[in-house]
There are 2 protein chains.
Amino acid sequence: MNLGSCLAERLSHYLDLTDNEHAALDEIEVQERECKRGTIIRREQDRGRELFVLRSGWLQSHVVLGDGSRQIMRFFFPGDIIGLSSLALDHSPETIVTVSDATIAPFNRQKLCDIFESHPRLAALIFTVTMAERVAMADRLASIGRTSARARVASILCEIFARNRVMLKGELSELQLPLTQEDLGDATGLTAVHVNRMMRGLVDDGLIARSGNKVGLIDEGRLAAEANFIDRYAKIDTSWLPPAR
Amino acid sequence: MNLGSCLAERLSHYLDLTDNEHAALDEIEVQERECKRGTIIRREQDRGRELFVLRSGWLQSHVVLGDGSRQIMRFFFPGDIIGLSSLALDHSPETIVTVSDATIAPFNRQKLCDIFESHPRLAALIFTVTMAERVAMADRLASIGRTSARARVASILCEIFARNRVMLKGELSELQLPLTQEDLGDATGLTAVHVNRMMRGLVDDGLIARSGNKVGLIDEGRLAAEANFIDRYAKIDTSWLPPAR
DNA sequence: CGGTCATTTGAGAAAGCTCAAAAAGTGTGG
DNA sequence: CCACACTTTTTGAGCTTTCTCAAATGACCG
């Protein structure tokens, strides 16, 4: 896990990278930082100008509203770039926290700038992956806006499994969730209490299984159907990209 | 309205563009298509590989869920790029429809590719604007997930005004809304009936005014406060961009 | 002027929330 | 390894917000 670039590994699932491109990405992950579970990487309103590649562990980003309620915007998994949301802004729009122990590789905006200048194909690929993420976020909008509590819980579970599959490749039917039901509620716009009831329902109906904080998919097809879930990360279209340099 | 590139105009609110860059953007909007209100530009699952710049009028994109309910993902206003969401995908994840009569300028993915190759600064700027849009979408997620019906309606109104201000520059306290209350409901995750009641409430409390489908902001400060609204489009940070070529 | 579509209002129903308390885990220092 | 403190999960009961259904009113178009 300590060798090579996680970002390169992630991107190479979508495209064969040239040596040149590999070299450019390796330069991004030269530093490394270990963070304990619950570490705040960036606080809302911080002027953080750094970016990170997540190398291991999970993170989430959230906002806290006026009445104290919290909305989790996004979970981050290995290979994700963290902090792009502050790229356009002076101040971070969200708080970013580790959800499990994690390793992150900080890098400067300048590095991203270099990629746009010297590696147009990589820049376009990162842009494309980002678009896929936006589509996934739109899916979550629809989930929260227009589906039942049960469907929302099913949906977030599907998404977590789908996104972890990109890096792990292949089989993945059981997963250690470092998330509390409170977290799941804040991600789906529900209360922890109601998440609990919905999870029990999913277990009772044989869609998932649980023990401790392990969750297993029993009938993924039915789960995805109930959730209206579509996997946006499985493959992305790279046909339009410029040639590698 | 027929002269020059709308995209260039939009982008130049954030950055002074070079002649070179202007020329590149002008090439994008060479064609033009008029569309009547209600025209479907792209259907969910279409294999559309074209992109568009919106030159005049409003559009929305939405999905229809299994039970027939609809979620509007996004509204598009002049200067926006349309179709980026299908960039990463073989098939369009959403349906895109004109909400008023509109003029769109279709262009090929290849043109975007050219920009990544030849105009890294423009590519990075487009990337950055896209990030701002993602942040705005995250705000909407929080709005739908964690705020009351009244706050959600207030929020969507704030967003519509804020985004129209970018292009119109300066004062804008009254706007002709080509949206039905059904549309607003589908954007905020509410029913049309409930949107109606919330709007009445906002009018009664002196936050907004209405006549026909014109909406005016009476007390924008209070409206934004109730909505938890933050304008993500007013200015964006361009300090990290590579030099113009 | 009739027909269609959008808005408005009312009343009852349902999904999900709040509060409260018990049960089950988890981690820490002794 | 145990005991205590703390967090998380689970369950129950009543309450609110928002939805659904229905019907009336109003606006626009040909």
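Residue numbers begin at 1 in each chain, while the letters A, B, ... track the order of the sequences.
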> Taking NZ, NE, NH1 and NH2 as the nitrogens, is one of them in A/Arg165 or A/Glu171 under 4.0 Å from a carboxylate oxygen of the other?
Replying inline: no

>> Side-chain N or O of A/Gln181 versus OP1/OP2 of D/dT7: is the shortest distance under 4.0 Å?
In response: no

>> Assess, by modelled atom type and distance only, whether the side chains of A/Glu29 and A/Ser5 contain a donor and an acceptor separated by less than 3.5 Å.
In response: yes

>> Could you tell me how far apart A/Arg200 (CZ) and C/dA23 (C1') are, to the nearest whole angstrom?
In response: 13 Å

> Roughly how many Å is it from CG in B/Leu184 to P in C/dT8, rounded to a whole number?
Replying inline: 11 Å

> To the nearest Å, how far apart are A/Met199 CE and D/dT11 C1'?
Replying inline: 15 Å

>> How many whole angstroms separate atom CG of B/Leu177 from atom C1' of C/dT7?
In response: 14 Å

>> Less than 4.0 angstrom between a side-chain N/O of A/Asn196 and OP1 or OP2 of D/dT9, yes or no?
In response: no

>> Using whole Å, what does the distance between atom C1' of nucleotide C/dT26 and atom NZ of A/Lys214 come to?
In response: 16 Å

> Between A/Gln60 and A/Asp183, does any side-chain donor sit less than 3.5 Å from a side-chain acceptor?
Replying inline: no

> Can we say B/Asp204 and B/Arg197 salt-bridge, meaning some charged N sits less than 4.0 Å from an Asp/Glu carboxylate O?
Replying inline: no

> Are the charged groups of B/Arg232 and B/Asp139 less than 4.0 angstrom apart, N to O?
Replying inline: yes

>> Check the phosphate of C/dA24 against A/Arg210, side-chain N and O only, distance under 4.0 Å to OP1 or OP2. Yes or no?
In response: no

> Under a 4.5 Å cut-off applied to non-hydrogen side-chain atoms, are B/Arg42 and B/Ser92 in contact?
Replying inline: yes

> Nucleotide by nucleotide, 5' to 3', does protein get under 4.0 Å of the base (B), only the sugar-phosphate (S), or neither (-) in nucleotides 16-30 of chain D, counting heavy atoms?
Replying inline: --BSBB---------

